[in-house]
Amino acid sequence: AWDASDRVHNAHTDPTPDLFYTDAFRAGAAVLQRMGMSFDAWLYHPQIEDLVDLARALPELPIVLDHLGGPLGVGPYAGRREEVRAAWRPPMEALAGCPNVSLKLGGIGMSIYGLGWHKQPSAPSSDALVAAWGDDIRWCIERFGPERCMFESNFPVDKRGCSYTVLWNAFKKIAADASATEKAWLFHDCAARVYRL
C-alpha cells in the first residue's frame, strides 16, 4: 500500500511506487505461481492498475485483492468519496476480467477509508455499515461473481470503526438477497478454494 501523499500512511514495509513492476518482485511472484501458492495484495485504489498488469503477466498465479482494493478517504482523498469511487471502479472492472483474481470484501471499518466511524460518539450499527458500503460491495460481487468474492473481517484493524458482530451482521444484510449457493461462496467456499483450506 503506497501513495504519493505524505498524509496517507504507507505500508510498514516501506514499498516503492513501482513495486509490482520491479524485476525482484516479479521473480518472487513467479516463484509463488510455480509453487501453486497464492498472493494477497494490499494496496490503495490508485495502484489497482499495477495489480491488473501483474495478474495478466502471471495468469496462473492466484491473486487475492484485499479490502475492496483500498478506496482511500483520507489526505487528498478526504471528502471526495464520489471522485474516489469514479477512479476506483474502472480498474476494478479491468481486474474482474482477470480470472486468477479474487476479492476480499471488507476492511470497511478502517479509518483510512475516511468515514470517521472512530470519531463518532457511538459505534455504527450494521444498518449504517450497509448504507455506507452495501452498494459498493454488491457492485463488486456483480463484477467478480460470488465464486471469486469472500467476506473478511480484517480484525483487529476494523475494530477502530465497528465491532466484530456488527460487521458480520452487515455482511449478512448485504448478502440477504443472494441464493444459498452464492452465500456459501461468499462466506466460505471462495476462501476455502483460494487458500486450499
*Asks:* Is any side-chain heavy atom of L103 closer than 4.5 Å to a side-chain heavy atom of R148?
*Replies:* no
*Asks:* Between CH2 of W139 and CG of D136, what distance do you get to the nearest 0.5 Å?
*Replies:* 8.5 Å
*Asks:* Under a 4.5 Å cut-off applied to non-hydrogen side-chain atoms, are P76 and R7 in contact?
*Replies:*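 They are in side-chain contact.
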*Asks:* Less than 4.5 Å apart, any side-chain heavy atom of K173 and any of D127?
*Replies:* yes
*Asks:* If I take atom CZ from residue R26 and atom CG from residue D23, how far apart are they, to the nearest 0.5 angstrom?
*Replies:* 9.0 Å
*Asks:* How close do R160 and S111 get, heavy atom to heavy atom, and via which atoms?
*Replies:* NH1-OG, 3.2 Å
*Asks:* Mind listing the closest non-hydrogen atom pair of H45 and L72 along with its distance?
*Replies:*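 That closest heavy-atom pairing would be ND1-N, 3.2 Å.
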*Asks:* For E93, does the CD atom have more than 12 heavy-atom neighbours from other residues, nucleotides or ligands under 6.0 Å away?
*Replies:*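 Yes.
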*Asks:* What is the distance from atom CG of L51 to atom CG of L65, rounded to the nearest 0.5 Å?
*Replies:*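 Atom-to-atom, L51:CG and L65:CG are 6.0 Å apart.
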*Asks:* Can you confirm whether K183 is buried at NZ, in the sense that more than 12 heavy atoms of other residues, nucleotides or ligands lie under 6.0 Å from that atom?
*Replies:* yes
*Asks:* Donor-acceptor pair, distance only, cut-off 3.5 Å: does the side chain of E152 make one with the backbone of H67?
*Replies:*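 Judged by distance alone, yes, a pair lies under 3.5 Å.
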*Asks:* Would you say that L167 contacts L129 through its side chain, given a criterion of any heavy-atom pair below 4.5 Å between the two side chains?
*Replies:* yes
*Asks:* Does the side chain of L19 come within less than 4.5 Å of Q47's, by heavy atoms?
*Replies:*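 A side-chain contact under 4.5 Å is absent here.
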*Asks:* Keeping N154 on the side-chain end and G107 on the backbone end, is there a donor-acceptor pair under 3.5 Å?
*Replies:*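 Not a single qualifying donor-acceptor pair exists.
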*Asks:* When hydrophobic residues are tied together by side-chain contacts of less than 4.5 Å, even through go-betweens, does F39 share a cluster with Y195?
*Replies:* no
*Asks:* Can you list every pair that meets ring-ring contact (aromatic ring centres under 6.0 Å, His included) and has a residue in residues 100-132, with sequence neighbours left out?
*Replies:* Y113-W133
*Asks:* For A29 and L58, which heavy atoms make the closest approach, and how far apart are they?
*Replies:* CB-CD1, 3.5 Å
*Asks:* Is any side-chain heavy atom of M92 less than 4.5 Å from a side-chain heavy atom of I48?
*Replies:* yes
*Asks:* Distance-only, no hydrogens or angles: does the E60 side chain make a donor-acceptor pair with backbone N or O of Q33 under 3.5 Å?
*Replies:*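 Looks like no, no N/O pair under 3.5 Å.
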*Asks:* Treat each ILVMFWY residue as a node, draw an edge where side-chain heavy atoms are under 4.5 Å apart, and state whether V8 and V84 are in one component.
*Replies:* yes
*Asks:* Is the gap between the ring centers of W42 and Y44 under 6.0 Å?
*Replies:*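 Yes: the rings meet the under 6.0 Å criterion.
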*Asks:* If two hydrophobic side chains count as joined below 4.5 Å and joins carry through other members, does V157 share a cluster with W168?
*Replies:* yes
*Asks:* Looking at F144 and C149, what are the two nearest heavy atoms and their distance?
*Replies:*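 So the two residues come closest at CB-SG, 3.6 Å.
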*Asks:* Would you indicate whether the side-chain heavy atoms of C140 and L105 approach each other to under 4.5 Å?
*Replies:*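 The answer is yes; the side chains approach within 4.5 Å.
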*Asks:* Taking A55's backbone N and O only, do any of them form a donor-acceptor pair with N100's side chain (distance below 3.5 Å, no angle check)?
*Replies:* yes
*Asks:* Any donor-acceptor pair under 3.5 Å linking the side chain of D189 with the backbone of E147?
*Replies:*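 Answer holds: no.
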*Asks:* Can a donor-acceptor pair be found between the side chains of N169 and Y164 at a distance below 3.5 Å?
*Replies:*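 Not at all, the side chains of N169 and Y164 share no donor-acceptor pair under 3.5 Å.
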*Asks:* Have Y21 and D53 got a donor and an acceptor in their side chains that come within less than 3.5 Å?
*Replies:*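 No pair is found: no donor N or O on one side chain lies under 3.5 Å from an acceptor on the other.
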*Asks:* How long is the gap from CZ on R193 to SG on C190, to the nearest 0.5 Å?
*Replies:* 5.0 Å
*Asks:* Do I63 and V31 share a hydrophobic cluster (ILVMFWY, side-chain heavy atoms under 4.5 Å, transitive)?
*Replies:*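 Yes: a chain of side-chain contacts under 4.5 Å links I63 to V31.
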*Asks:* Find out whether F187 and M150 are in side-chain contact, i.e. whether some heavy atom of one side chain is under 4.5 Å from a heavy atom of the other.
*Replies:* no
*Asks:* Is the shortest side-chain N to carboxylate O distance from R138 to D177 below 4.0 Å?
*Replies:*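 No, R138 and D177 are not salt-bridged.
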*Asks:* Of all heavy-atom pairs between F171 and I137, which one has the smallest distance, and what is that distance?
*Replies:*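 What the structure gives for the nearest pair is CE2-CD1, 4.2 Å.
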*Asks:* Where is the tightest heavy-atom contact between A175 and L186, given as atom of each residue plus distance?
*Replies:*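 The answer is CB-CD1, 4.3 Å.
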*Asks:* Would you say the side-chain atoms of R196 pair up with the backbone N or O of A192, donor to acceptor, closer than 3.5 Å?
*Replies:*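 Not at all, since once roles are kept as given, no pair shorter than 3.5 Å links the two residues.
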*Asks:* Can you tell me how far apart CZ (R56) and CG (L95) are? Round to the nearest 0.5 Å.
*Replies:* 8.5 Å
*Asks:* Quick one: do V64 and K104 satisfy side chain to side chain contact (heavy atoms under 4.5 Å, CB included)? Show the steps, please.
*Replies:* CA-CA 7 Å; V64 179; K104 283 185 177 174; 3.6 Å; yes
*Asks:* Quick check for you: to the nearest 0.5 Å, what is the distance between D18 atom CG and W2 atom CH2?
*Replies:*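 Between atom CG of D18 and atom CH2 of W2 there are 9.0 Å.
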